[in-house]
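Not measured: the values here are computed from a predicted model.
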Amino acid sequence: MATNAIDQTRRMLSLVTYLRERPGAHVQDVARAFGITEDELISDLDVLPMCGTSFRGGDLLDIDTDGDRIWWHNPDDVAEPLRLAADEATALLVAARAVATLPGLRESDRDALVRATAKLETAAGESGAASSRLSVTFEAEGGVFADVDRAISERRRLWLRYYSPARDELTEREVDPIRLFAVGHTYMEGWCRLSEARRTFRLDRVAEIRLLDAPAAPPELELRDLSAGLVQPAAEDPEVVIEVGTGGRWVAEYYPHDSAEELPDGGLRITLRTPDPASLRRLALRLGGDGRIVAPPELADSAREAARDALAAYEEAV
């Protein structure tokens, strides 16, 4: 069963209490108690050590596992009453008010958030009053996130207008959402009714979104393991070679690759694999004079042609 972001947050909060009362709990027993798989539990345990009682990075949960049992090494340290500094209280109140305005947020969650915010304002005193003069407006992605989260919770289908950078076009499609996740950006994984296949959609590329009355009914799918990143090229994918100058070395940081050889001018010769080599034409255009596609030759020719077309269109516009 798919789990939305809010339900996962509730589960992880309960998990903290559960583990505090059961030192050395077995992974299998905890997963069974929460009705999740052991892989899902391990994923939660990977997140918990990044949580704690300080926004400054201290007092984090020291929780780890050897794959069989779970150990929490500092439960007493984080059990002390939380005391917020003025800047921490202000940041928390501003964020809470912003989240409460998200469209698509369930009313029960909104009401609980408003009540908690009111209590925090009272406890914060002057800091709470100062925070009321600040406001945060979410970009479009915030509203899209709320709609997707609601669709997952209510098991409803979504209609999207989605920008595909590989084809440089907007497409309309209906999607049965499966889950939300973040790997650098925030994504929705879902069953696309247009392609009749599993697809991943980056939320900041959703131009328009609507919840439909039709129920979401994605096929039973094994969730992808994202521990190695979103893009995981296969050995049988076509090989592409790109040479970049010093201004294009960032490509090796953002694209999974097989090798990155140093060049005499300070650049790199990067070898990578991708199931869709044509999608790298946009990368070549973005690099401009800082890089070029070397192989395969047909892709290199295609990239040069795309660059000539772009330059011609620019000159006509000028």
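Looking at Asp176, its side chain never comes within 3.5 Å of a backbone N or O of Trp191 through a donor-acceptor pair.
Within the structure, ring pair (Phe, Tyr, Trp, His ring centres under 6.0 Å) contacts touching residues 273-302 (residues at least two apart or in different chains) do not occur. Residue pairs meeting the ring pair (Phe, Tyr, Trp, His ring centres under 6.0 Å) criterion with at least one partner in residues 19-41, sequence neighbours excluded, are Tyr18-Phe34.
Remark: Arg269 engages Glu243 in a salt bridge (charged side-chain N to carboxylate O under 4.0 Å, His left out) (not counting sequence neighbours). Considering only residues two or more places apart in sequence or on other chains, Asp301 meets the side-chain contact (heavy atoms from CB on, under 4.5 Å) condition with Arg304. Legend: residues meeting side-chain hydrogen bond (donor to acceptor under 3.5 Å, both in side chains) with Arg198, ordered by chain and number and at least two apart, are Glu189. Residues that satisfy the side-chain hydrogen bond (donor to acceptor under 3.5 Å, both in side chains) test with Glu262, not counting sequence neighbours, are Arg249. For the side-chain contact (heavy atoms from CB on, under 4.5 Å) test, residues two or more places apart in sequence or in another chain that qualify with Thr37 are Asp39, Glu40. By the side-chain contact (heavy atoms from CB on, under 4.5 Å) test, Glu298 is found to be paired with Pro296, residues two or more places apart in sequence or in another chain being considered. With sequence neighbours excluded, the residues forming a side-chain contact (heavy atoms from CB on, under 4.5 Å) with Glu21 are Thr17, listed by chain and number. In terms of the salt bridge (charged side-chain N to carboxylate O under 4.0 Å, His left out) criterion, Arg69 has no residue partners (sequence neighbours excluded). Every residue two or more places apart in sequence or in another chain that forms a side-chain hydrogen bond (donor to acceptor under 3.5 Å, both in side chains) with Arg32 is listed here: Asp29. The side-chain hydrogen bond (donor to acceptor under 3.5 Å, both in side chains) test applied to Asp46 returns no partner, not counting sequence neighbours.
Between Arg193 and Glu174, none of the side-chain N atoms (NZ, or NE/NH1/NH2) sits under 4.0 Å from a carboxylate O, so this pair counts as no salt bridge.
When side chains are defined from C-beta on, Thr186 counts as touching Leu203, because their heavy atoms get closer than 4.5 Å. Taking 4.5 Å as the limit, some side-chain heavy atom of Met12 sits within range of a side-chain heavy atom of Val47. Side-chain atoms of Val148 and Ile209, non-hydrogen and from C-beta on, do get closer than 4.5 Å to each other. Side-chain contact between Glu208 and Trp159: present, with at least one pair of heavy atoms (C-beta onward) separated by less than 4.5 Å. A heavy-atom distance below 4.5 Å is found between the side chains of Val240 and Ile242.
Leu263 and Val294 sit in two unconnected hydrophobic clusters of ILVMFWY residues. Membership requires side-chain heavy atoms under 4.5 Å apart, directly or through other members.
What you find for Leu45 and Leu19 is that their closest heavy atoms are CD2-CD1, 4.0 Å. The minimum heavy-atom distance linking Trp72 with Val16 is given by the pair CZ3-O, 3.1 Å.
Ser302 and Arg281 are linked by a side-chain donor-acceptor pair at a separation below 3.5 angstrom, with hydrogens and angles left out of the test.
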